[in-house]
> 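One structure, pasted below without further comment.
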Amino acid sequence: MSKSAPAPADERLAPTSLTRRLLGRPELGAVVGAAAVFVFFSFAAPSFLQASSLSTILYSASTIGIMAVPVALLMIGGEFDLSAGVMVTTSALISSMFSYQMTANVWVGVLVSLLVTLAIGFFNGFMLTRTKLPSFIITLGTFLMLTGLNLGFTKLISGSVSTKTIADMEGFASARALFASQWNIGSVTLKVTILWWFALVAVATWILLRTRAGNWIFAVGGGADAAHATGVPVVKTRIGLYMGVALCAWISGQHILFSFDVVQSGEGVGNEFLYIIAAVIGGCLMTGGYGSAIGSAVGAFIFGMTSNGIVYAQWNPDWFKFFLGAMLLLATLLNAWVRKRAEAK
């Protein structure tokens with residue numbers, strides 16, 4: 001009696017080499033790019049490696065990175081948010097003007113700002129799911145409305161394009177400690193935004209890799225119709241992603257307010273592209289379904305190194321946008337190559 005042929009082994013259970021695992025990581029290209037930028041400015045600008053310079057770079061990276069994290073998750077889910085930059089300013093303006101006009105404890109204004117900012121994020125997600133319009137159109141409309149509201153309400157209430165100072169109001173010191181404190185360790189100054197940034201990256205990575213919500217985000221970005229057919233709550237996932245962007249916009253807005261006491265109503269315009277650039281450099285695809293929170297952090301760190309490295313090298317800062325555009329193109333090409341190699345393996 002002949003023996004039956006052994007069943008073929010399941011290739012999903014086969015051991016995976018370290019090289020294959022590394023090639024499958026979306027942030028691989030960003031890490032290689034970050035190392036290249038670090039080495040380049042280490043030689044081009046001797047002061048680049050000083051401890052005080054590195055702390056400044058980390059702070060610059062954190063101000064972008066706090067927003068790049070939720071934007072990366074949103075892009076993995078296949079959507080964009082062009083209102084993210086002005087939403088940061090909106091949250092700061094609401095906190096400042098509400099506290100000043102109502103002569104209330106600043107924490108009241110902070111909480112009101114949180115509720116309003118989350119409502120804006122909910123509005124973006126709700127309109128996207130109800131109208132079926134592209135997220136580019138929905139959030140572009142929100143961007144224009146918020147830009148006008150920021151300027152109009154600030155002039156109407158304050159009589160100028162900036163808010164009144166709230167530094168002497170009750171609760172300001174405790175709010176500043178949470179959103180804008182810093183610690184001096186020798187010649188190094190560490191801002192609290194760095195801690196916020198690291199914490200958000202850790203939480204977002206845990207959500208993507210260890211929770212059911214993370215699977216939903218990847219599924220929605222890979223194909224909303226297919227995800228819906230398999231039971232994924234597409235509507236809730238999209239609304240949740242937009243509210244995540246709003247939450248981080250609130251954190252960034254409070255940092256701006258409690259760092260400078262006043263807020264300029266025209267700030268934030270254009271920053272949404274910096275968040276998207278950091279996410280793309282970090283490995284997120286414009287088509288959705290691929291990327292990581294760690295990659296967005298690396299992309300933000302590249303932004304911080306480049307923006308400050310040009311200054312330390314005493315170059316004309318007008319060249320910054322050129323380098324940023326070049327990095328975006330190179331990162332996109334490298335990410336595409338890495339993904340093709342990973343799929344081929």
> Indicate if Ile256 and Val262 have the same hydrophobic cluster label, given that clusters are the connected sets of ILVMFWY residues with side-chain heavy-atom separations under 4.5 angstrom.
no

> Decide yes or no for Thr154 and Met97: does some side-chain heavy atom of the first lie under 4.5 Å from some side-chain heavy atom of the second?
yes

> Please step through side-chain contact (heavy atoms from CB on, under 4.5 Å) for the pair Ile277 and Phe303, ending with a clear verdict.
CA-CA 9 Å; Ile277 289 170; Phe303 173 88; over 6 Å; no

> So which heavy atom on Ala30 is nearest to which on Gly295, and how close?
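Taking Ala30 first and Gly295 second, the nearest heavy atoms are CB-O, 4.5 Å.
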
> Once the angle between the rings of Phe258 and Phe179 is folded into 0 to 90°, is it parallel (under 30°), tilted (30 to 60°) or perpendicular (over 60°)?
parallel

> Are any non-hydrogen side-chain atoms of Trp196 and Ile251 less than 4.5 angstrom apart?
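Yes, side chains in contact.
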
> Let me confirm one number: the CG-CE distance from Leu82 to Met87, rounded to the nearest 0.5 Å.
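The distance works out to 10.5 Å.
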
> Quick one: does any side-chain atom of Ser113 pair with a main-chain N or O of Gly109 as donor and acceptor, under 3.5 Å?
no

> When you measure from the side chain of Thr163 to the backbone N and O of Leu93, does any donor-acceptor pair fall under 3.5 Å?
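The answer is no, because no donor-acceptor pair under 3.5 Å joins these two groups.
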
> Do Asn150 and Ser265 have side-chain N/O donor and acceptor atoms under 3.5 Å apart?
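There is no such pair (donor and acceptor under 3.5 Å, judged by atom type) between the side chains of Asn150 and Ser265.
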
> For residues Gly304 and Ser60, report the shortest heavy-atom separation together with the two atoms involved.
CA-CB, 4.2 Å

> How long is the span from the CZ atom in Arg212 to the CD1 atom in Ile207, to the nearest 0.5 Å?
14.5 Å

> I'd like to know if the side chain of Ser158 reaches the main chain of Ser160, judged simply by a donor and an acceptor atom lying under 3.5 Å from each other, with no hydrogens or angles considered.
no

> Does atom CG of Asp225 have more than 12 heavy-atom neighbours from other groups under 6.0 Å away?
no

> Checking side-chain contact (heavy atoms from CB on, under 4.5 Å) for the pair Thr90/Val116: CA distance, chi angles, key distance, verdict?
CA-CA 9 Å; Thr90 300; Val116 174; 5.5 Å; no

> Please check if the side chain of Ser252 supplies one atom and the backbone of Ala249 the other of a donor-acceptor pair under 3.5 Å.
no

> Whether the side chain of Gln314 engages the backbone of Tyr312 through a donor-acceptor N/O pair (distance < 3.5 Å, no angle test) should be reported.
no

> Is there side-chain contact between Leu178 and Trp107, with at least one heavy-atom pair below 4.5 Å?
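The answer is yes, as the side chains (C-beta and beyond) meet within the 4.5 Å cut-off.
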
> Nearest 0.5 Å, what's the OG1-CE distance between Thr139 and Met145?
10.5 Å

> As an exercise, state the distance from OG of Ser55 to CD of Gln50, rounded to the nearest 0.5 Å.
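Spacing of OG (Ser55) from CD (Gln50) equals 10.0 Å.
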
> Taking all non-hydrogen atoms of both residues, which atom of Leu49 and which atom of Ser42 are closest, and how far apart?
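Heavy atoms of Leu49 and Ser42 come nearest at CD2-OG, 3.4 Å.
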
> Are Leu128 and Glu79 side-chain neighbours, meaning at least one heavy-atom pair lies under 4.5 Å?
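With C-beta onward as the side chain, the pair touches.
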
> Would you compute the distance between atom CG of Leu209 and atom OG of Ser292 and round it to the nearest 0.5 angstrom?
8.0 Å

> Examine Trp183 and Ile194 and state if one hydrophobic cluster contains both, with Ile, Leu, Val, Met, Phe, Trp and Tyr joined whenever side-chain heavy atoms are less than 4.5 Å apart.
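Cluster IDs for Trp183 and Ile194 match.
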
> Take Val220 and Val232 through the side-chain contact (heavy atoms from CB on, under 4.5 Å) test and state the conclusion after the steps.
CA-CA 8 Å; Val220 171; Val232 173; 3.9 Å; yes

> Side chain of Thr89, backbone of Glu267: donor and acceptor closer than 3.5 Å?
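Present.
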
> Are the side chains of Val71 and Asp81 in contact, using a 4.5 Å heavy-atom criterion?
no

> Sub-3.5 Å donor-acceptor pair from the side chain of Thr230 to the main-chain atoms of Ala227, do we have one?
yes

> Following the transitive rule for hydrophobic clusters with a side-chain heavy-atom cut-off under 4.5 Å over Ile, Leu, Val, Met, Phe, Trp and Tyr, establish whether Ile281 and Ile57 coincide in one cluster.
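Yes, Ile281 and Ile57 fall within the same hydrophobic cluster.
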
> Is a side-chain N or O of Thr129 found less than 3.5 angstrom from the main chain of Val235, in a donor-acceptor match?
no

> I'd like to know if the side chain of Tyr290 and the backbone of Phe218 have a donor-acceptor N/O pair within less than 3.5 Å.
no

> Testing the basics here: between Val69 and Leu200, what is the closest heavy-atom pair and its distance to 0.1 Å?
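That would be CG1-O, 3.8 Å.
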
> With ring centroids as reference points, do Phe38 and Phe48 lie under 6.0 angstrom apart?
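That pair passes the under 6.0 Å test.
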
> To the nearest 0.5 Å, tell me how far Ile276 CD1 sits from Met67 CE.
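Answer for the CD1-CE pair, Ile276 versus Met67, is 10.0 Å.
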
> Does any non-hydrogen side-chain atom of Val110 lie less than 4.5 Å from one of Trp250?
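Contact flag for Trp250/Val110 side chains = yes.
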
> If you define the side chain from C-beta out and look only at heavy atoms, does anything of Leu241 sit under 4.5 Å from Thr237?
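Contact flag for Leu241/Thr237 side chains = yes.
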
> Do Asn124 and Thr142 have side-chain N/O donor and acceptor atoms under 3.5 Å apart?
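Yes, because at least one side-chain N or O of Asn124 sits under 3.5 Å from a partner of the opposite role on Thr142.
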
> Does the side-chain contact (heavy atoms from CB on, under 4.5 Å) test come out yes or no for Phe143 and Val269, once each step is laid out?
CA-CA 9 Å; Phe143 161 81; Val269 176; 3.9 Å; yes

> Answer yes or no: is there a side-chain heavy-atom contact under 4.5 Å between Thr165 and Tyr100?
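Contact flag for Thr165/Tyr100 side chains = no.
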
> Where is the tightest heavy-atom contact between Met75 and Ala279, given as atom of each residue plus distance?
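In this case the closest contact between Met75 and Ala279 is SD-CB, 3.7 Å.
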
> When you look at CH2 of Trp206, are more than 12 heavy atoms from neighbouring residues, nucleotides or ligands closer to it than 6.0 Å?
no

> Would you say that more than 12 heavy atoms from the other residues, nucleotides or ligands in this model lie under 6.0 Å from the CD of Glu170, or not?
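12 or below, so no.
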
> Give me the atom names and distance for the closest heavy-atom approach of Ala224 to Arg238.
CB-NH2, 3.3 Å

> Spell out, yes or no, whether Leu146 and Met243 are grouped together once hydrophobic residues are joined by side-chain heavy atoms under 4.5 Å, including indirect joins.
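Yes, it is one cluster - the side chains of Leu146 and Met243 are joined through contacts under 4.5 Å.
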
> Could you point out which residue of Ser95, Ser96, Ser259 forms a side chain to side chain donor-acceptor pair (under 3.5 Å) with Gln254?
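Testing each of Ser95, Ser96, Ser259 against Gln254, the sole residue satisfying side chain to side chain donor-acceptor pair (under 3.5 Å) is Ser95.
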
> Applying the 4.5 Å side-chain criterion to the ILVMFWY set and letting contacts propagate, would Val201 and Leu190 be lumped into a single cluster?
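Both belong to a single hydrophobic cluster.
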
> Do the side-chain N and O atoms of Thr117 and Ser91 include a donor-acceptor pair separated by under 3.5 angstrom?
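Not at all, the side chains of Thr117 and Ser91 share no donor-acceptor pair under 3.5 Å.
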
> Please walk me through it: do Thr56 and Asn308 pass side-chain hydrogen bond (donor to acceptor under 3.5 Å, both in side chains)?
CA-CA 8 Å; Thr56 302; Asn308 290 278; 5.6 Å; no

